[in-house]
Amino acid sequence: MKKQDVRNATILVAVVLGFVGFVVYESVTTRPKRDATRVFLKLIDAVNRPGLSDEERIETARNFFSARRLAAGPIRVADGTVEGLKPDVDHNFPVWRDGASFLLRPTDRDGVVYRMVEENGRWRFDGPAGHRHGRGEFVPDPETP
């Protein structure tokens, strides 16, 4: 084998290993964000399912809510969904880390921002965390921790 061939093979192996390393790193570091987002979308799908009674919606939501949110007050149904949840979610809505939790805004416009927290290894909906107002300013809700 020629020196040039060995050099090219070494470069190719290094590039492939670098790419694989990058993909693994990205997968590991973004997993909590993806999991929190997936659970939020499952919650929205579950509580907005057609044909559910109010009691079924409340019980379904309870399975996704954090202990803090459950202790904060009763779950109510309004307009065919769980009170406080928007029934529609925009494509590619923003999600960002806030300490140990994640904040997400299900619309691309101004509006409510929700918090997802991890409890016992599972992501849970913790309720509204605040609002986004003009120019992307996030205003935390003073009643949420």
Side-chain angles (χ1 to χ4, degrees), residues 5 7-145:
D5 292 340
R7 182 173 172 261
N8 289 344
T10 302
I11 290 171
L12 179 64
V13 167
V15 168
V16 168
L17 288 176
F19 179 74
V20 168
F22 174 75
V23 169
V24 168
Y25 171 79
E26 281 294 308
S27 176
V28 169
T29 58
T30 61
R31 183 175 184 162
K33 180 179 180 178
R34 289 182 286 119
D35 287 348
T37 303
R38 181 179 40 79
V39 169
F40 177 76
L41 292 173
K42 280 184 174 182
L43 167 64
I44 295 296
D45 286 345
V47 299
N48 293 323
R49 193 175 317 132
L52 289 181
S53 68
D54 288 353
E55 292 78 23
E56 290 171 323
R57 276 185 216 292
I58 290 169
E59 193 55 39
T60 299
R62 187 179 311 285
N63 294 327
F64 289 95
F65 280 18
S66 69
R68 189 203 69 78
R69 171 54 190 95
L70 290 172
I75 302 169
R76 295 194 238 339
V77 174
D79 299 324
T81 188
V82 172
E83 187 176 65
L85 279 177
K86 298 237 179 228
D88 57 336
V89 175
D90 287 343
H91 182 67
N92 290 329
F93 61 89
V95 179
W96 64 97
R97 185 171 281 285
D98 182 47
S101 62
F102 283 97
L103 300 179
L104 49 89
R105 192 182 76 244
T107 65
D108 61 357
R109 300 170 302 279
D110 295 349
V112 68
V113 175
Y114 298 114
R115 181 180 315 277
M116 298 294 291
V117 296
E118 191 173 20
E119 288 182 350
N120 302 323
R122 295 180 62 195
W123 287 98
R124 301 289 186 172
F125 177 76
D126 200 44
H131 285 81
R132 177 182 183 252
H133 295 287
R135 296 188 180 163
E137 177 189 7
F138 173 65
V139 179
D141 184 352
E143 295 182 18
T144 59

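Nearest heavy-atom pair, I58 versus I75, reported as atom, atom and distance to 0.1 Å: CD1-O, 3.5 Å. When all heavy atoms of V139 and H133 are compared, the pair lying nearest together is CG2-CD2, 3.3 Å.
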Next item on the list: Would you check, one step at a time, whether the test side chain to side chain contact (heavy atoms under 4.5 Å, CB included) holds for H131 with V113?
Entry: CA-CA 5 Å; H131 285 81; V113 175; 5.8 Å; no
Next item on the list: Might you work through the side chain to side chain contact (heavy atoms under 4.5 Å, CB included) test for D98 and R115, ending with a clear yes or no?
Entry: CA-CA 9 Å; D98 182 47; R115 181 180 315 277; 2.8 Å; yes
Item checked: Chi angles and distances behind the side chain to side chain contact (heavy atoms under 4.5 Å, CB included) call for R38, D35 -> CA-CA 5 Å; R38 181 179 40 79; D35 287 348; 3.3 Å; yes
Margin query: Under the criterion side chain to side chain contact (heavy atoms under 4.5 Å, CB included), I'd like the reasoning laid out for L103 against Y114: C-alpha separation, chi angles, the key distance, then a yes or no.
Written below: CA-CA 6 Å; L103 300 179; Y114 298 114; over 6 Å; no
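To the nearest 0.5 Å, the span separating CG on L43 from CG on L85 amounts to 5.0 Å. To the nearest 0.5 Å, atom CE of residue M116 and atom CZ of residue F40 are 7.5 Å apart. Note that CG of L104 is 8.5 Å distant from CG of L41, once rounded to the nearest 0.5 Å.
The ring-ring contact (aromatic ring centres under 6.0 Å, His included) search around F65 returns F125, not counting sequence neighbours. The salt bridge (Lys or Arg N to Asp or Glu O under 4.0 Å) check on R132 picks up D110, with sequence neighbours excluded. Evaluation of the side chain to side chain contact (heavy atoms under 4.5 Å, CB included) rule for E119 yields S66, A67, V117, R124 as partners, not counting sequence neighbours. Considering only residues two or more places apart in sequence or on other chains, F102 meets the ring-ring contact (aromatic ring centres under 6.0 Å, His included) condition with W123.
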In residues 8-26, what donor-acceptor pairs under 3.5 Å come from side-chain atoms, sequence neighbours left out?
unit_1, atom_1, unit_2, atom_2, d
N8, OD1, Q4, NE2, 3.3
N8, ND2, Q4, O, 3.4
T10, OG1, V6, O, 2.8

Throw together a table of side-chain donor-acceptor distances under 3.5 angstrom for residues 46-54, partners on residues two or more places apart or in other chains.
unit_1, atom_1, unit_2, atom_2, d
N48, OD1, T81, OG1, 2.5
N48, ND2, I44, O, 3.0
N48, ND2, P87, O, 3.4
S53, OG, E56, N, 3.2
S53, OG, E56, OE1, 3.3

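Other residues, nucleotides and ligands contribute over 12 non-hydrogen atoms within 6.0 Å of the CZ atom of R34.
Under 4.0 Å is where a charged nitrogen must lie from a carboxylate oxygen, and between K42 and D45 no such pair does. Note on R68 versus D126: salt bridge recorded, some NZ/NE/NH1/NH2 to OD/OE distance being below 4.0 Å.
Checking each of R76, R69, R57 against E83 for a salt bridge (Lys or Arg N to Asp or Glu O under 4.0 Å) leaves exactly one that passes, namely R76.
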